[in-house]
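This structure is a prediction, so every number in the text was calculated from the model and none was measured.
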Amino acid sequence: MLKFLLFILIFSLIIIIHEWGHFIAAVKMGARVNEFALGMGPKVFGVTRGDTLYTLRALPLGGFCAIEGEDGDITRPESLGSKTPLQRIIVFAAGAFMNFILAWLLLSIYLGYLGHGTNTVLQTIPDSPIANAGVQAGETIISIDGQTVETQAEISAIVVDGTITYDVVVKGLDGNLRTVPIQPEARENGNGAALGFYPTTAPNGFFESIWNGLLGTFSLTGQVFDGFTQLITGRVAMSDMAGIVGVAQVTSEVWDSSVQESLLHAIMNLIYIGALLSANLAVLNLLPMPALDGGRILFTFIEMLRGKPLDQEKEGMIHLVGFVLLMGLMVVVFYNDIVRLMS
């Protein structure tokens, strides 16, 4: 039950942050938000503040933001359809932007907890180049070929060739320095070379965590976009896609395995899953497909190029067809999740 509640909390947070982005942007652009809901299904509670009805609904899965005139109605000044194309694009893109910000925040927390590898040896891998060179646990790598190093990342940036010997200056357990010639071992994937040790870790500073979180979020969204590209081009099969059931199963498995180490470790792994899901939602919503935010942005760009509004009835029909196809895709993904769960 705890794992289920945690997953619902993560999933709902991601959706609510997305809808909150639309809400804030719409209000700033002068469009009226008729309802901002937490959850889906029948209304349990509601209160009106200003022009907006804030509701709590029965099913604790995400929420929604109902903006006046988002179907293209331009007759009322408070409707979204009456706003300029640029203003509408900002509103449509705001949800994905907030998901990117959430992924950045969550990833920064995760990386801050994870820390970074130092230049001190925690453990050598048996029969590795550094172990065969006599370097022991507790000793520190000071420099490589005259370049001072303080982190594992700096070591990896220098040690890239498995065919040459590097002069490694090591600070021994007695505090004395010695130079050790080491020829690293080329990695199996061909990406650089390795000395063959596990480093000690040190916590990241606040600004370092924020910066690494930003870089990591760009990398994460790039990977997600690449995954969607592979799916569209057929390089990834539809059966490999995971929906809400599949993600819930993975979340449960991650929790079970990581909680054995510590509760904090399990929570941090869930935070990473949250960052991944938020990045997924950001990319998915910006795909130029009908019924998605990206599709609405695409139609707005077309309107800007034409210099006049599109036929709202035809555009609405296209979005309706897109929505039906999207629901069909969700059914297929849900079926795949159930098949994997039962196998």
Handout entry: Polar side-chain atom of Asn285 near backbone of Gly294 as donor-acceptor pair, under 3.5 Å
Key = no
Exercise for the section: Taking the side chain as every heavy atom from C-beta outward, state whether Asn204 and Trp211 have any pair of such atoms under 4.5 Å apart. Expected result: no
Completion exercise
In this structure, CD of Glu19 is separated from CD1 of Ile17 (nearest 0.5 Å) by 11.0 Å
Exercise for the section: Say whether, by atom type as modelled, one donor and one acceptor occur between the side chain of Ser219 and the main chain of Leu215 under 3.5 angstrom. Expected result: no
Problem - salt bridge (Lys or Arg N to Asp or Glu O under 4.0 Å) partners of Glu139, counting only residues at least two apart - result: Arg178
Practice task
Verify side chain to side chain contact (heavy atoms under 4.5 Å, CB included) between Leu56 and Lys43, making sure each step is shown before the conclusion.
Solution key: CA-CA 6 Å; Leu56 177 66; Lys43 183 174 68 174; over 6 Å; no
Handout entry: Within one Ile-Leu-Val-Met-Phe-Trp-Tyr cluster: Leu38 and Ile10, side-chain cutoff 4.5 Å
Key = yes
Exercise for the section: Dump the intermediate steps for side chain to side chain contact (heavy atoms under 4.5 Å, CB included) on Arg88 and Thr84, then the final yes or no. Expected result: CA-CA 6 Å; Arg88 279 179 277 144; Thr84 67; over 6 Å; no
Exercise for the section: Give a yes or no on whether Tyr198 and Ile158 share a hydrophobic cluster (residues Ile, Leu, Val, Met, Phe, Trp, Tyr; joining criterion: side-chain heavy atoms under 4.5 Å apart). Expected result: no
Problem - Distance-minimising heavy-atom pair for Asp161 and Pro184 - result: O-CG, 3.3 Å
Handout entry: Same apolar cluster: Ile141 and Val160, side chain cutoff 4.5 Å
Key = yes
Exercise for the section: Starting from the C-alpha separation in whole Å, work towards a yes-or-no answer on side chain to side chain contact (heavy atoms under 4.5 Å, CB included) for Phe197 and Ile155. Expected result: CA-CA 11 Å; Phe197 73 98; Ile155 295 173; 4.0 Å; yes
Handout entry: Side chains of Ile297 and Pro288 in contact at under 4.5 Å (non-hydrogen atoms)
Key = no
Practice task
Taking all non-hydrogen atoms of both residues into account, name the closest pair between Gly63 and Ile15 and its distance.
Solution key: N-CG2, 3.5 Å
Exercise for the section: Answer yes or no: is there a donor N or O on one side and an acceptor on the other, between the side chain of Lys83 and the main chain of Pro77, under 3.5 Å? Expected result: yes
Practice task
Please confirm whether the backbone N or O of Gly162 pairs with a side-chain atom of Gln183, one donor and one acceptor, at under 3.5 Å?
Solution key: yes
Practice task
Compare every heavy atom of Gly196 with every heavy atom of Ile130, then report the nearest pair and how far apart it is.
Solution key: CG2-O, 3.3 Å
Exercise for the section: Please check if the side chain of Thr165 supplies one atom and the backbone of Ile182 the other of a donor-acceptor pair under 3.5 Å. Expected result: no
Fill in the blank from the handout: side-chain hydrogen bond (donor to acceptor under 3.5 Å, both in side chains) test vs Thr118 passes for just one of Thr200, Thr151, Thr140, namely Thr200
Exercise for the section: Ignoring hydrogens and angles, tell me if any N or O in the side chain of Asn119 forms a donor-acceptor pair with the backbone of Val149 under 3.5 Å. Expected result: yes
Handout entry: Main-chain N/O of Ile210 paired with Trp104 side-chain donor or acceptor, under 3.5 Å
Key = yes
Handout entry: Separation between CD of Glu35 and CG of Leu53, rounded to the nearest 0.5 Å
Key = 5.0 Å
Problem - Same cluster (ILVMFWY, side-chain, under 4.5 Å), Ile273 and Leu264 - result: yes
Completion exercise
To the nearest 0.5 Å, atom CD1 of Ile90 lies from atom CE of Met29 at 4.0 Å
Handout entry: Check: Tyr166 and Pro181 side chains under 4.5 Å, non-hydrogen atoms
Key = no
Problem - Exceeds 12 heavy-atom contacts within 6.0 angstrom, atom CZ of Phe97 - result: no
Exercise for the section: Might you work through the side chain to side chain contact (heavy atoms under 4.5 Å, CB included) test for Glu78 and Val33, ending with a clear yes or no? Expected result: CA-CA 9 Å; Glu78 70 273 15; Val33 177; over 6 Å; no
Practice task
Sequence neighbours left out, what passes ring-ring contact (aromatic ring centres under 6.0 Å, His included) with Tyr110? Give chain and number order.
Solution key: Tyr272
Problem - Any donor-acceptor pair under 3.5 Å from Asn176 side chain to Gly172 backbone - result: no
Practice task
Walk me through it: do Asn99 and Ser278 pass the test side-chain hydrogen bond (donor to acceptor under 3.5 Å, both in side chains)?
Solution key: CA-CA 5 Å; Asn99 279 129; Ser278 192; 3.3 Å; yes
Problem - Considering all heavy atoms, the nearest Thr148-Glu154 contact - result: O-OE1, 4.3 Å
Practice task
Please answer: with hydrophobic residues joined when any side-chain heavy atoms are less than 4.5 Å apart, are Phe64 and Phe11 in the same cluster?
Solution key: no
Handout entry: Ser12 side chain to Leu9 backbone, donor-acceptor under 3.5 Å
Key = no
Practice task
Verify the neighbour count for atom CD of Glu185: are there more than 12 heavy atoms of other residues, nucleotides or ligands below 6.0 Å?
Solution key: no
Practice task
Would you check if Phe92 and Phe299 make a side-chain contact, meaning some heavy-atom pair closer than 4.5 Å?
Solution key: no
Completion exercise
Rounding to 0.5 Å, atoms CG (Leu214) and CG (Leu107) come to a distance of 9.5 Å
Problem - Heavy-atom side-chain proximity of Asp167 to Ile144 below 4.5 angstrom - result: no
Fill in the blank from the handout: When rounded to the nearest 0.5 Å, the distance separating CD of Glu303 from CD1 of Ile89 is 9.0 Å
Handout entry: Val91 backbone acceptor or donor facing His22 side chain under 3.5 Å
Key = yes
Handout entry: Reported OG1-to-CD distance for the pair Thr120 and Gln152, which is rounded to 0.5 angstrom
Key = 11.5 Å
Practice task
Could you pull out the closest heavy-atom pair between Ala94 and Gly21, with the gap in Å?
Solution key: CB-O, 3.2 Å
Exercise for the section: Taking all heavy atoms of Val283 and all of Thr221, pick out the closest pair and write down the distance. Expected result: CG2-O, 3.8 Å
